[in-house]
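What follows is a single structure, written as structure tokens, with notes after it.
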Amino acid sequence: MLETRDLTLHYGGSRILNGISLSAEKGEVTCVMGTNGVGKTSLLKAISGTHPRSGGEMSLDGEQLPALRPHDLARRGVGYVPQGRMIFPLLTVRENLETGLACLPKGERAMPDEIYELFPVLKEMQDRRGGDLSGGQQQQLAIGRALVMKPKLLLLDEPTEGIQPNIIQQIGRVIAYLRDQGDMAIILVEQYLKFAYELADSIVVMRRGEVELSGRKNEVSLDRLSAMLTSAAA
């Protein structure tokens, strides 16, 4: 579904990503891991167009893409749930969800019932302002808004950050469900090692803006992964 080759990204004069090459397969979760500051969020920003990539190539569903703006990539099927959620606090839950419909052709702009089935709390609170929701509810809203767009590729940046355990479990079930539908590739950036490892089909470990390790989960034990991340943080 997604392939990047030698992707680079700069902030001003600083090079943040140094030739990132990775792939994300349909019906799979690709987990991107690493300590703080290694470029994980920058990678998702480059893929989503939120921060223009400086160089390299990217293809989606077999189509090679130039450096496009975020809404153009969204129309092509890239759904992005950023770190911090970035919901609209003064809009209602339903209005927040409806913002995702703008990326769809006019004939497809209807709210999927599946969103409320996956996140029942959003139906219960659809008339409440987004800013009045708890952190866990806002995270569900942010994921729901991305799913409204019917993405081919779903990018999730730290979805468990600051979330209570029962909501983490629910988000994990939703990610597993979406993967098992088989029509979407998911890239998950996550610090919560156990959560990420349980969901992963493939694992990418980053260090200093580069890919240090890339492989199938059955090739990378949890102990080895933990040791790598611990040594990188030391």
Within this structure, what is the CD-CD distance for the pair Gln126 and Glu95, rounded to the nearest 0.5 Å? 11.0 Å
More than 12 non-hydrogen atoms from neighbouring residues, nucleotides or ligands closer than 6.0 Å to NZ on Lys45, yes or no? no
Polar side chain donor-acceptor pair, Arg129 to Thr92, under 3.5 angstrom: no
Establish whether Leu65 and Leu155 are linked, either directly or via other cluster members, by ILVMFWY side-chain heavy-atom contacts under 4.5 Å. yes
Any chance you could measure Glu108, atom CD, to Met149, atom CE, to the nearest 0.5 Å? 12.5 Å
Identify the heavy atoms of Thr99 and Arg145 that sit nearest to each other, and give their distance. OG1-CD, 3.3 Å
For the side chain of Lys40 and the backbone of Gly209, is there at least one donor-acceptor N/O pair under 3.5 Å apart? no
Could you check whether any side-chain N or O of Thr8 sits under 3.5 Å from a backbone N or O of Gly55, counting only pairs where one atom can act as donor and the other as acceptor? yes
Taking atom CZ as the centre, does Arg5 end up with more than 12 heavy-atom neighbours from other residues, nucleotides or ligands that are less than 6.0 angstrom away? yes
Inter-residue atom distance Ile187.CD1 - Leu43.CG, 0.5 Å rounding: 6.5 Å
Heavy-atom count check: over 12 atoms from other residues, nucleotides or ligands less than 6.0 Å from Arg15 CZ? yes
Shortest non-hydrogen separation from Ala24 to Ala185 and the atoms involved: O-CB, 3.9 Å
Hydrophobic clustering (ILVMFWY, side-chain heavy atoms < 4.5 Å, transitive) - are Leu91 and Val93 grouped together? no
Write down the atom of Val148, the atom of Leu97, and the distance for their closest heavy-atom approach. CG1-O, 3.7 Å
Verdict with supporting geometry, Ser42 and Tyr11, side-chain hydrogen bond (donor to acceptor under 3.5 Å, both in side chains): CA-CA 10 Å; Ser42 295; Tyr11 289 134; 3.1 Å; yes
Under the 3.5 angstrom rule, does the side chain of Arg85 hit a backbone N or O of Leu141 as a donor-acceptor pair? no
How would you list all residue pairs meeting side chain to side chain donor-acceptor pair (under 3.5 Å) that involve residues 183-196, not counting sequence neighbours? Asn36-Gln191, Thr160-Glu190, Lys194-Glu198
Quick check: does any side chain N or O of Lys26 sit under 3.5 Å from a backbone N or O of Gly182, one acting as donor and the other as acceptor? no
Verify same cluster id: Met228, Val189 (apolar side-chain graph, 4.5 Å): no
Is there a donor in the side chain of Thr41 and an acceptor in the side chain of Asp157, or the other way round, less than 3.5 Å apart? yes
Are Leu44 and Ile175 joined in one hydrophobic group, where the rule is that I, L, V, M, F, W and Y side chains link up if heavy atoms are under 4.5 Å apart? no
So, Asn96 side chain and Ile87 main chain: donor-acceptor pair closer than 3.5 Å or not? no
CZ/Arg69: more than 12 non-hydrogen atoms of other groups inside 6.0 Å: no
Rounded distance (nearest 0.5 Å) linking atom CE of Met1 with atom CG of Leu154: 11.5 Å
Is the side chain of Ser202 donor-acceptor paired with the backbone N or O of Arg216 at a distance under 3.5 Å, no angle test? no
Identify each donor-acceptor pair in which a side-chain atom of residues 113-125 lies under 3.5 Å from a protein atom, sequence neighbours left out, and give them as a table.
from	atom 1	to	atom 2	distance (Å)
Glu114	OE2	Tyr177	OH	2.6
Tyr116	OH	Arg94	NH1	3.1

The reported gap from OH in Tyr80 to CD1 in Ile47 (rounded to nearest 0.5 angstrom) is 9.5 Å
Is there a donor-acceptor pair under 3.5 Å between the side chain of Ser221 and the backbone N or O of Arg224? yes
Okay, side chain of Gln181, backbone of Leu178: is any donor-acceptor separation there less than 3.5 Å? no
Please check this pair: side chain of Ser23 against backbone of Glu3, looking for a donor-acceptor N/O pair closer than 3.5 Å. no
If I take atom CG from residue Asn18 and atom CG from residue Leu9, how far apart are they, to the nearest 0.5 angstrom? 10.0 Å
